[in-house]
Amino acid sequence: MALAFSCSDPVNNIRPLLVEPKIQISEAQQHFTLVAATSPHTEMSASPALFRYTLLKMADWRKAYHKNLSVGSALIVPVKFEQEIYYKPSAESKTTIPISALTHLLFYKDKQKAMHLEVVTSLPGLDKSD
């Protein structure tokens, strides 16, 4: 009885997944400078509810780190505001949290390799699923 075996090695036919290069800090700094130069920073242009959007944001590039997200590799950069504002989790709470402790810059690239920047603020105590 003769058995035919293929001479090909299935392990060598597996192609590695393309790994997207991580966003370089210098690249993110350039993008941030460009976006900051075109963003309004005046209190006159925003309603009181949007005041934090108009505050000058200062990125802490020394604490930047990469994170894998569904869109690919992202660069996370902590941010500080020129003027600190505070978040109070509830009306009964005696604790206030500086918004800069809850905020970071999120840099990522889309499928066309265009850079995007989002300012993300995570507010604790809003998850009512308990």
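Just so we're clear, the structure is a prediction, and the values are computed from it rather than from any experiment. The analysis underlying the following values was restricted to heavy atoms, covering all of them including side chains, and did not include hydrogens, waters or symmetry mates.
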Check salt bridge (Lys or Arg N to Asp or Glu O under 4.0 Å) between K63 and all other residues, then give those that pass, not counting sequence neighbours. D60
Results of ring-ring contact (aromatic ring centres under 6.0 Å, His included) for H66 - residues two or more places apart only: none
Separation between NE2 (H31) and NE2 (H116), nearest 0.5 Å, reads 8.0 Å
Sequence neighbours excluded, the answer for side chain to side chain contact (heavy atoms under 4.5 Å, CB included) partners of S26 is Q24, Q29
Considering residues at least two apart in sequence or located in another chain, which fulfil the side chain to side chain contact (heavy atoms under 4.5 Å, CB included) criterion with S90? E92, S93
Cluster link I97 to I85, ILVMFWY, side chain under 4.5 Å: yes
In terms of hydrophobic clustering (I, L, V, M, F, W, Y; side-chain heavy atoms under 4.5 Å; direct or indirect links), are V120 and I76 co-clustered? yes
Got a sec, which residues hit side chain to side chain donor-acceptor pair (under 3.5 Å) with E27, two or more places apart in sequence or on another chain? K109
Nearest heavy-atom neighbours spanning I25 and A64: CD1-CB, 4.0 Å
Q112: partners by side chain to side chain donor-acceptor pair (under 3.5 Å), with sequence neighbours left out: none
Which residues share a side chain to side chain contact (heavy atoms under 4.5 Å, CB included) with A91, sequence neighbours left out: none
So Y87 and L102, do their side chains get closer than 4.5 Å, heavy atoms only? yes
Using modelled atom types only, decide if a donor and an acceptor are shared between the side chain of E84 and the backbone of S100 within a distance under 3.5 Å. yes
Angle between ring planes, W61 versus F32, binned at 30° and 60°: parallel, tilted or perpendicular? perpendicular
Test side chain to side chain donor-acceptor pair (under 3.5 Å) applied to N68 - qualifying residues, sequence neighbours left out: none
Which heavy atom of Y108 sits nearest a heavy atom of I23, and at what distance? CA-CD1, 3.5 Å
I'd like to know whether V77 forms a side-chain contact (heavy atoms from CB on, under 4.5 Å) with F107, so could you lay out the CA-CA distance, the side-chain angles of the two residues, the decisive distance to 0.1 Å, and finally the verdict. CA-CA 8 Å; V77 183; F107 294 89; 3.9 Å; yes
When rounded to the nearest 0.5 Å, the distance separating CG of L69 from CG of L106 is 6.0 Å
Side chain to side chain contact (heavy atoms under 4.5 Å, CB included) involving V79 - partner list, sequence neighbours excluded: K57, T103, L105
Point-to-point distance, once rounded to the nearest 0.5 Å, from OG of S122 to CD1 of I99: 10.5 Å
Rounded to the nearest 0.5 Å, how far apart are CE of M115 and CG of L117? 9.0 Å
